[in-house]
2 protein chains.
Amino acid sequence: MVHECKSKRTVETALEILVGKWKPVILFHLIDQGTLRFSELQRLIPDVTKKMLTTQLRELEYHDIINRKVYAQIPPKVEYSITEYGEGLKPVLLSMHEWGLTHLDHLDDLYGESQETIEK
Amino acid sequence: MVHECKSKRTVETALEILVGKWKPVILFHLIDQGTLRFSELQRLIPDVTKKMLTTQLRELEYHDIINRKVYAQIPPKVEYSITEYGEGLKPVLLSMHEWGLTHLDHLDDLYGESQETIEK
DNA sequence: TATCGTAGTATACAAAAAGTAACCTAAGGA
DNA sequence: TCCTTAGGTTACTTTTTGTATACTACGATA
């Protein structure tokens, strides 16, 4: 049971950080690969625009979930990675992932919805 | 590590269900109290408007997270409760809650932000 | 007869989030 | 001299969310 002693805003606080159309995918890739450049993220997430990628990364950075490392080079090079603090989100993402798997099965059961399978 | 074999959309699927300004609070109260009437939810969540409460409840119902039981009475009586399937979200909410607690501490450390404490 | 309470709906509007398209920068290479 | 590259920014539009207010049906109560 969720205990309420401190504040009711804890779940919302976690959501605040996770919510954003591209944040889960970004975190997924950074957790998976460790460190990625801006352009690598762009390639891994084909539908994201530069603008959205930038804003989502900035928000994650603002919350100290990811690191942004700029190399003083031309052309520029910027690397993103999960912070130690951000690692703490893994259990959250994992439980959501687990639940998502079940939910997709549930949907399959209900509507026979076919879910795209993405290979590595 | 989050494994990608089935689909990347699992986390987003979970988020879809949880996201909405009032959904976490609604779920919180329903998990906490078991069954609640529309008006009881309104009283427990003072800032929510009828419209938002209705839409958020409908969305949760659509996803089979909560039950809506209508009594054929005047004045109307409608009761909401978590479905068995919806119970599966508890681990997700709990891990978010846990993370939220840590995050609030982290914020306290960084900015000394004071967080309102709500008593039961 | 007027008002109260329940669980809403309808309508209009405001604000926030997301998307589109074009532009910027400076170095190195053709 | 112009083009390319990487990682953006800016201005603008569209879509999604959320708010505010009014309204309904029906029976009970005063």
Side-chain angles (χ1 to χ4, degrees), chain A residues 8-9 11-30 33 35-63 65-82, chain B residues 8-9 11-30 33-63 65-81:
Chain A
K8 282 179 186 165
R9 304 276 323 160
V11 173
E12 282 90 339
T13 305
L15 276 175
E16 240 170 63
I17 277 163
L18 253 23
V19 168
K21 189 152 176 189
W22 308 99
K23 284 178 197 164
V25 216
I26 291 170
L27 291 173
F28 174 87
H29 285 299
L30 289 177
Q33 320 261 329
T35 297
L36 288 168
R37 298 180 62 171
F38 186 88
S39 50
E40 291 176 313
L41 282 166
Q42 262 194 112
R43 237 168 290 127
L44 289 166
I45 312 166
D47 291 342
V48 79
T49 60
K50 281 154 171 269
K51 189 206 167 190
M52 282 313 295
L53 189 52
T54 305
T55 54
Q56 304 274 295
L57 286 167
R58 288 294 140 82
E59 285 173 30
L60 290 169
E61 191 198 358
Y62 174 80
H63 289 292
I65 306 303
I66 62 170
N67 280 126
R68 179 165 181 269
K69 189 174 179 186
V70 183
Y71 293 79
Q73 301 179 354
I74 300 276
K77 174 177 171 180
V78 180
E79 280 181 351
Y80 294 93
S81 56
I82 303 281
Chain B
K8 282 180 188 164
R9 303 279 320 162
V11 174
E12 282 90 338
T13 305
L15 277 175
E16 239 170 66
I17 278 164
L18 254 21
V19 169
K21 188 154 177 190
W22 310 99
K23 284 178 197 165
V25 217
I26 292 170
L27 290 173
F28 174 87
H29 286 299
L30 289 178
Q33 320 260 332
T35 296
L36 289 169
R37 296 181 60 174
F38 187 87
S39 53
E40 292 176 312
L41 281 166
Q42 260 194 114
R43 239 169 288 127
L44 289 166
I45 312 166
D47 291 342
V48 78
T49 59
K50 282 151 170 272
K51 189 200 168 193
M52 281 313 294
L53 188 52
T54 306
T55 53
Q56 304 272 296
L57 287 167
R58 289 294 141 82
E59 285 173 30
L60 290 169
E61 191 198 358
Y62 174 80
H63 289 292
I65 306 303
I66 62 171
N67 280 126
R68 180 166 181 269
K69 189 174 179 184
V70 184
Y71 293 81
Q73 301 180 354
I74 299 273
K77 175 177 172 182
V78 180
E79 280 181 352
Y80 295 91
S81 56

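Small disclaimer: the values here were computed from a predicted structure and weren't measured. Within every chain, numbering begins at 1; the chains are lettered A, B, ... in the order of the sequence lines, protein sequences first and strands thereafter. Just the heavy atoms: all of them, side chains too, but no hydrogens, waters or symmetry mates, feed the values below.
- You'll find the side chain of A/P24 stays beyond 4.5 Å of the side chain of A/L18, heavy atoms only.
- Applying the side chain to side chain donor-acceptor pair (under 3.5 Å) rule to A/E61 yields no partners; only residues at least two apart in sequence or on another chain are considered.
- Under the side chain to side chain donor-acceptor pair (under 3.5 Å) criterion, B/E16 pairs with no residue at all, not counting sequence neighbours.
- Interatomic distance, A/N67 CG to A/L60 CG, rounded to the nearest 0.5 Å: 11.5 Å.
- In this structure, A/Q73 places its CD atom 12 Å from C1' of D/dG7, rounding to the nearest Å.
- Per the geometry, CZ belonging to A/R58 stands 11 Å off P belonging to D/dG7, to the nearest Å.
- B/G34 and B/S81 get closest at one heavy-atom pair: O-CB, 3.4 Å.
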| request: Any chance you could list the contact pattern along nucleotides 10-19 of chain D? Use B for base contacts, S for sugar-phosphate-only contacts and - for none, protein heavy atoms under 4.0 Å, 5' to 3'. | output: BB------SB

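- Between the CG atom of A/L53 and the P atom of D/dG7 there is a distance of 10 Å, given to the nearest Å.
- For the atom pair B/I17 CD1 and B/E12 CD, the distance stands at 12.5 Å (nearest 0.5 Å).
- To the nearest 0.5 Å, atoms CD1 (A/I66) and CD1 (A/I26) are separated by 7.0 Å.
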Return all side-chain donor-acceptor pairs below 3.5 angstrom for residues 35-44 of chain A, not counting sequence neighbours, or 'none' if the list is empty.
unit_1 : atom_1 : unit_2 : atom_2 : d
A/R37  : NH2    : A/P76  : O      : 3.4
A/E40  : OE1    : A/R37  : N      : 2.7

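- Of the side-chain N and O atoms in A/R37, one or more sit less than 4.0 angstrom from OP1 or OP2 of D/dG7.
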Using distance only, find each side-chain donor-acceptor pair of residues 51-59 of chain A under 3.5 Å and give its atom names and separation, not counting sequence neighbours.
unit_1 : atom_1 : unit_2 : atom_2 : d
A/T54  : OG1    : A/K50  : O      : 2.7
A/T55  : OG1    : A/K51  : O      : 3.2
A/T55  : OG1    : A/M52  : O      : 3.0
A/Q56  : OE1    : A/W22  : N      : 3.1
A/Q56  : OE1    : A/K23  : N      : 3.2
A/E59  : OE1    : A/K23  : NZ     : 2.6

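- For DNA chain C, the span of nucleotides reached by chain A at under 4.0 Å from its heavy atoms goes, 5' to 3', from C/dA18 to C/dA27.
- Computed from C1' positions of five pairs at each end, the angle between the two local axes of the helix from C/dT1-D/dA30 to C/dA30-D/dT1 equals 30°, rounded to 10 degrees.
- Evaluation of the side chain to side chain donor-acceptor pair (under 3.5 Å) rule for B/R68 yields B/Y80 as partners, not counting sequence neighbours.
- With sequence neighbours excluded, no residue satisfies salt bridge (Lys or Arg N to Asp or Glu O under 4.0 Å) with B/K21.
- Using a 4.0 Å cutoff on non-hydrogen atoms, the parts of residues 74-81 of chain A near DNA chain C are A/I74, ordered by number.
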